[in-house]
Amino acid sequence: MSENSSAPPPDGGDDPRPLSIGAPAELREGERRVAMTPAVVAGYAKLGATVVIEAGAGEAAGFPDAAYEEKGAVVGSRDDAFGADILTCVRVLGGDAGSPDAGRLRAGQAVVGMAAPLAAPEVSAAVAARGATLFSLELLPRTTRAQSMDVLSSQANIAGYRAVLLAAQALPKVFPLLTTAAGTIPPARVFVVGAGVAGLSAIATSRRLGAVVEAYDVREAAKEEVQSLGARFVELPLDTGQEGSGSGAYASAMSDEALARQRELMLKTVAGSDVVITTAQVQGAKAPVLITAEMVEGMSPGSVVVDLAAEQGGNVEPSLPGRTVDVGGVSVIGPVDVPSSVPQHASLMYAKNIANFVALLVRDGALALETEDELVAGCTVARDGEVVNERVRAALGAEEGVAS
Ligand code: NAD
């Protein structure tokens, strides 16, 4: 395929150039997802857009170029994809502020994806420096209307499922109760810490495999959701200080004393579990340490701990991102890029989330960046050459403070 051979049509006299929506291949190591699947191409065309995808972008997720072409997309070069008016990505700039792709961005262009704006604000700053408008969907308000665009939820769902499979594969036991002529095998005991989207998915998956499941979350609202999946909610006599922690709210950071008490109270449940899966996160902060090395050592040899927060600092003291650590015969797994390990379905959901959001940016076949929409405003991180989101600005300020 020749460079720019299938670029979106250039300006054509009096006719305004049609809106274009593009997706590049994700170059970050370990990333197998793609921001655009063949299934969303027709919807983009309905918005009046031409659709361009970088050759090979969907391959790792199971979507060959021909599948996009069949739906009417143009398969082009990386420059073609980056040339689009709306650039849709999984990881913005591959998570690297110094990426040469920054030079491909331009003023007037909208970039939609996950930029990790609080954990890696320098990526947002790099997009701002190019004058492009950045919408980072991690900051989408968690309202009912936003559910169809909620990339955190769709990807966490996959991660929770996958965490259970990782645990099941590493565990030297089966999950279900087996009553056989060779004897009866009791079901595995799974303890899920953090019952948000990933935790609930892990509970449901463990239950489907036949395990006996217990779960804990600092949010009161999680109790009913845990029970509705057939798991036992572990009651801890603990003042979590979670105000306004109803359904839809985020957990807030707990004091060191409260976390120490939580660890103490969970000790017995952890020791009695074959599998512990941790998913606890506090938005904008490092993940809380909920399981110490000592607690892991209290588990029976052969047990498995999966720390889904390993990439965000870890809920489990001895976990290391991307590694499996042996702690006294207990496997502590710190998986990374978990949704990416189920790339086809993770991409199907992600691309649909992105397409639903992009529809908010298009009016009468043109890019409409000026909008009062609270969802669009909530996740606008960069515009007119500046980082405009206050939390991201604060994160950048904090980084400069550390650097100086
Ligand atoms: P998350 O990934 O930020 O955190 C995962 C879970 O860890 C949360 O349930 C949190 O309460 C829990 N946690 C934090 N500290 C903990 C601790 N010390 N011990 C135990 N658990 C701890 O959360 P999430 O899965 O993205 O969901 C956050 C909230 O948003 C939930 O209330 C969820 O129901 C809600 N939500 C709403 C929408 C929507 O309406 N659009 C969509 C998705 C999620």
Side-chain angles (χ1 to χ4, degrees), residues 114 116 118-119 137-161 163 191-204 214-226 228-229 231 233-267 269-270 276-292 295 306-317 338-339 349-350 352-353 356-357 374-375 378-379 391:
M114 295 190 292
L118 300 175
L137 292 196
E138 296 99 321
L139 297 184
L140 200 67
R142 298 306 266 290
T143 61
T144 304
R145 193 165 73 89
Q147 277 177 0
S148 68
M149 309 161 205
D150 190 340
V151 296
L152 291 182
S153 289
S154 71
Q155 305 305 293
N157 219 315
I158 299 260
Y161 159 83
F191 181 31
V192 177
V193 186
V197 181
L200 292 173
S201 170
I203 293 168
E214 295 177 297
Y216 174 71
D217 196 295
V218 283
R219 289 179 302 105
E220 262 299 304
K223 180 175 173 179
E224 219 177 281
E225 293 168 327
V226 165
S228 74
L229 292 171
F233 189 80
V234 176
E235 304 275 1
L236 302 182
L238 181 70
D239 180 8
T240 60
Q242 303 295 311
E243 280 161 31
S245 63
S247 181
Y250 278 110
S252 53
M254 279 160 59
S255 68
D256 288 347
E257 293 74 37
L259 283 174
R261 176 94 180 114
Q262 181 182 346
R263 289 191 287 265
E264 198 181 308
L265 291 167
M266 293 197 314
L267 195 70
T269 311
V270 170
V276 174
I277 295 173
T278 62
T279 74
Q281 301 273 358
V282 176
Q283 220 212 15
K286 194 175 158 294
V289 175
L290 304 176
I291 313 272
T292 61
M295 291 164 83
V306 179
D307 185 2
L308 272 189
E311 277 174 287
Q312 285 77 37
N315 289 147
V316 183
E317 198 180 46
V338 184
M349 292 200 271
Y350 184 85
K352 191 72 188 147
N353 292 149
N356 288 333
F357 179 79
E374 49 151 14
L375 300 185
C379 66
R391 290 166 70 202

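FYI, the numbering just counts along the sequence from 1. Every number for a ligand or one of its atoms is a count from 1 in the order of the listing.
- Ligand 1 does not have Gly199 within reach: every non-hydrogen atom of the residue lies 4.0 Å or more from it.
- Atom CD of Glu235 sits about 12.0 Å away from atom CG of Leu265, to the nearest 0.5 Å.
- For ligand 1, the polar-atom distance check finds an N/O of Gly196 within less than 3.5 Å of one of the ligand's N/O atoms.
- Residue-ligand proximity: Ala195 is placed with a non-hydrogen atom under 4.0 Å from ligand 1.
- Ligand 1 places these atoms under 4.0 Å from at least one heavy atom of Ser153: 42 (C), 43 (C), 44 (C).
- Applying the 4.0 Å criterion to heavy atoms of Leu290 picks out, from ligand 1, the atoms 17 (C), 18 (N), 19 (N).
- Summarising the contacts of atom 40 (O) of ligand 1 with Gln147, Met149, Arg263, the nearest heavy atom is found in Gln147.
- Contacts between Thr143 and ligand 1, counted as non-hydrogen atom pairs separated by less than 4.0 Å, involve the backbone only.
- Proximity of Leu200 to ligand 1 is not established, as no heavy-atom distance is less than 4.0 Å.
- Checked by distance only, ligand 1 and Val197 come closer than 3.5 Å through their nitrogen or oxygen atoms.
- Some N or O of Gln262 is nearer than 3.5 Å to an N or O of ligand 1, by distance alone.
- The option with the heavy atom closest to atom 31 (C) of ligand 1, from among Met266, Gln281, Arg219, is Arg219.
- No side-chain heavy atom of Val193 sits under 4.5 Å from any side-chain heavy atom of Thr279.
- Heavy atoms of Asp217 approach ligand 1 to within less than 4.0 angstrom.
- Short contacts between ligand 1 and Met254, defined as distances under 4.0 Å to a heavy atom of the residue, involve ligand atoms 18 (N).
- Residue Val218 touches ligand 1 through backbone and side chain together, judged by heavy-atom distances below 4.0 Å.
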